[in-house]
Engineer: 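Just passing along the structure, written as structure tokens.
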Amino acid sequence: GHSHPELWRQFAKSRLGVGRALLPHRCATPPMSTTGLDPADEEELLLIISGLGLANGGDGGDEYMIGAEASECLSDMQRYLRRDDPHVMACHRALGQWRVLQTHLLPILRANGTDPQLVFSALKVVVKLTMKPEQLGIRMEDMLKERKSPDPIVGAHLDELKTYHRAYTKAFADDAANLRALVALIARPLATEEEERPEEDQMIIELVVALLVNLLHTRAPDAPPPPPGAAQAAAAADVETLRRLLTTLEAEHGLELVVYMLQQIDESEAFRAWNLNLLELLHYALAATTPQAVFGQESEEAARKSAAAAA
């Protein structure tokens, strides 16, 4: 309903503080021209994001003012994500370009005293955005495999999703408060007896477990080594991010909660329903190192102690 939609989009963009796309620096085009969204959808999506709240001081700044209509805006955002064209993923890519998770969703999850229903809605959006790129872009992967001469644009869109996934995992690794908020979210329902746990609490446990799986997702251990160059450097950075996530989870007692859940599988029907997710979570936790490295370090330490005792 705006007479100058392009001016309005520029205004909304400046108010949101949306960053430039996480694309090579030579791409000087503003992110809005590369989203692939219909202009009307783009305008509505920017309005939805602006309704979430206002961040002061950049990504996850010191203060975040949650908007009065944030709950409705999160519901609208979920609707956009659900109906996103799986061959293009324009909405997912736009939210990644505009750093919505870092600037708006994480501060909502971290905010003390936030309405539990609002946190629940934000958590659902975060889980959707952080899905493994191979899952999120499965139709794109199929298109690339099926055609003799794959469309380079499809490959570029898939690479974009992978770039944003790395940015999301790094955002969680860079600030311990993000994982602390997740641990606090899951600890409360876990402290309630299963028979007395409301369905929404069950959903929160399921969503946090799914989010942890998304964040700890790394290359398969039996995957061929990446070619030298950018792919190899990215793989090394992924392993480093994984280790930082695990170190922070351990410090925030998150790994203790994972072990607790694993111990309940025999006793609890609910935990049995999540056993594959918990197994995958354990796999990623162990993929950060090798048994040889762990036992090698212990052997070296034991040898040093023996030498010191003998001296």
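Side chains are part of it too, since the values below use all heavy atoms of this structure and drop only hydrogens, waters and symmetry mates. Quantities reported herein were computed from a predicted structural model and do not represent experimental measurements.
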Engineer: Are Val259 and Ile186 in one and the same hydrophobic cluster, where Ile, Leu, Val, Met, Phe, Trp and Tyr link if side-chain heavy atoms are under 4.5 Å apart?
Structural biologist: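 Each belongs to a different hydrophobic cluster.
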
Engineer: Is it the case that one hydrophobic cluster holds both Ile138 and Leu81, taking links as side-chain heavy atoms less than 4.5 Å apart, direct or via other members?
Structural biologist: no

Engineer: Tell me the side chain to side chain donor-acceptor pair (under 3.5 Å) pairs involving residues 176-193, sequence neighbours left out?
Structural biologist: Arg110-Asn178, Arg180-Glu252, Arg188-Asp201

Engineer: Taking NZ, NE, NH1 and NH2 as the nitrogens, is one of them in Asp84 or Lys128 under 4.0 Å from a carboxylate oxygen of the other?
Structural biologist: no

Engineer: Quick one: pull up CD1 in Ile205 and CG in Leu185 and give me the separation to the nearest 0.5 Å.
Structural biologist: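 Going from the CD1 atom of Ile205 to the CG atom of Leu185 covers 11.0 Å.
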
Engineer: Should the pair Arg79-Asp76 be classified as a salt bridge under the 4.0 Å nitrogen-to-oxygen rule?
Structural biologist: yes

Engineer: Could you check if a side-chain atom of Thr169 sits within less than 4.5 angstrom of a side-chain atom of His165, using non-hydrogen atoms only?
Structural biologist: yes

Engineer: Taking all non-hydrogen atoms of both residues, which atom of Gln78 and which atom of Ser121 are closest, and how far apart?
Structural biologist: NE2-O, 3.9 Å

Engineer: Spell out, as yes or no, whether a donor-acceptor pair under 3.5 Å connects the side chain of Asp85 to the backbone of Ala90.
Structural biologist: no

Engineer: Considering only heavy atoms from C-beta outward, does the side chain of Asn214 approach that of Leu129 to under 4.5 Å?
Structural biologist: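 Not touching, per the 4.5 Å side-chain cut-off.
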
Engineer: With rounding to the nearest 0.5 Å, note down the distance linking NE2 in His217 to NE2 in His283.
Structural biologist: 9.0 Å

Engineer: When clusters are formed from ILVMFWY side-chain contacts under 4.5 Å, directly or step by step, what else is grouped with Val154?
Structural biologist: Met89, Met131, Leu136, Met140, Met143, Leu144, Leu158, Leu161

Engineer: Just to verify, what does Thr247 make a side-chain hydrogen bond (donor to acceptor under 3.5 Å, both in side chains) with, not counting sequence neighbours?
Structural biologist: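 With neighbours one apart ignored, the set is empty.
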
Engineer: First locate atom CD of Glu69, then atom OG of Ser50, and finally report the distance between them rounded to the nearest 0.5 Å.
Structural biologist: 9.5 Å

Engineer: Are the side chains of Ile49 and Met77 in touch, meaning some heavy atoms are under 4.5 Å apart?
Structural biologist: yes

Engineer: Could you tell me whether the side chain of Asp41 reaches within less than 4.5 Å of the side chain of Arg83, counting heavy atoms only?
Structural biologist: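 Yes. Closest side-chain heavy atoms under 4.5 Å.
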
Engineer: A side-chain contact here means heavy atoms from C-beta on lying under 4.5 Å apart; do Asn277 and Glu280 qualify?
Structural biologist: yes

Engineer: If you count every heavy atom of other residues, nucleotides or ligands that lies below 6.0 Å from Leu286 atom CG, does the total exceed 12?
Structural biologist: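 For Leu286, atom CG is crowded (more than 12 foreign heavy atoms under 6.0 Å).
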
Engineer: Just wondering, more than 12 heavy atoms not from Glu200 lying within 6.0 Å of its CD?
Structural biologist: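 Enclosed.
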
Engineer: Hey, which of Val100, Asp38, Leu37 is the one that makes side chain to side chain contact (heavy atoms under 4.5 Å, CB included) with Leu45?
Structural biologist: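 Passing option: Leu37.
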
Engineer: Is the shortest heavy-atom distance from the side chain of Leu207 to the side chain of Val126 under 4.5 Å?
Structural biologist: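 A side-chain contact under 4.5 Å is absent here.
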
Engineer: Report the C-alpha distance between Leu216 and Leu281 in whole Å, list the side-chain angles of each, state the deciding distance to 0.1 Å, and finish with yes or no for side chain to side chain contact (heavy atoms under 4.5 Å, CB included).
Structural biologist: CA-CA 7 Å; Leu216 299 181; Leu281 195 54; 3.5 Å; yes

Engineer: How close do Ile265 and Arg272 get, counting heavy atoms only, and between which atoms?
Structural biologist: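 The answer is O-CG, 2.9 Å.
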
Engineer: Is any side-chain heavy atom of Arg244 less than 4.5 Å from a side-chain heavy atom of Thr241?
Structural biologist: yes

Engineer: Quick check: closest heavy atoms across Leu257 and Ala187, and the distance to 0.1 Å?
Structural biologist: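 So the minimum-distance heavy-atom pair works out to CD1-CB, 4.1 Å.
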
Engineer: Where the side chain of His104 meets the backbone of Tyr64, is there a donor-acceptor pair that is under 3.5 Å apart?
Structural biologist: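 Not at all, since once roles are kept as given, no pair shorter than 3.5 Å links the two residues.
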
Engineer: Out of curiosity, does Trp98 fall in the hydrophobic cluster containing Val88 (side-chain heavy atoms, cut-off under 4.5 Å, transitive links)?
Structural biologist: no

Engineer: Just checking Lys170: does its NZ atom have more than 12 heavy atoms from other residues, nucleotides or ligands closer to it than 6.0 angstrom?
Structural biologist: no

Engineer: For Thr248, which of Leu255, Val183, Leu179 qualifies under side chain to side chain contact (heavy atoms under 4.5 Å, CB included)?
Structural biologist: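 Testing each of Leu255, Val183, Leu179 against Thr248, the sole residue satisfying side chain to side chain contact (heavy atoms under 4.5 Å, CB included) is Leu179.
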
Engineer: Please tell me whether Trp274 and Leu279 are part of a single hydrophobic cluster in this structure, the criterion being side-chain heavy atoms less than 4.5 Å apart.
Structural biologist: no

Engineer: Would you give the length of the straight line joining atom CG of Leu109 to atom CG of Leu182, rounded to the nearest 0.5 angstrom?
Structural biologist: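 So the CG of Leu109 and the CG of Leu182 are separated by 6.5 Å.
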
Engineer: Using the rule side chain to side chain contact (heavy atoms under 4.5 Å, CB included), only one of Leu215, Leu212, Leu246, Val213 pairs with Tyr284; which is it?
Structural biologist: Val213

Engineer: CG/Leu52 to CG/Leu47 distance, rounded to the nearest 0.5 angstrom?
Structural biologist: 11.5 Å

Engineer: Decide yes or no for Leu106 and Phe172: does some side-chain heavy atom of the first lie under 4.5 Å from some side-chain heavy atom of the second?
Structural biologist: yes

Engineer: Would Leu101 and Thr130 count as a side chain to side chain contact (heavy atoms under 4.5 Å, CB included) if you check the C-alpha gap in whole Å, the side-chain angles of each, and the deciding distance to 0.1 Å?
Structural biologist: CA-CA 9 Å; Leu101 181 136; Thr130 57; 3.9 Å; yes

Engineer: Any chance you could measure Phe271, atom CZ, to Leu262, atom CG, to the nearest 0.5 Å?
Structural biologist: 9.5 Å

Engineer: Look at the side chain of Arg197 and the backbone N and O of Pro189, then say whether any donor-acceptor pair between them is shorter than 3.5 Å.
Structural biologist: yes

Engineer: Can you classify the ring geometry of Tyr164 versus Tyr168 as parallel (below 30°), tilted (30 to 60°) or perpendicular (above 60°)?
Structural biologist: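 Tyr164 vs Tyr168 ring planes: tilted.
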
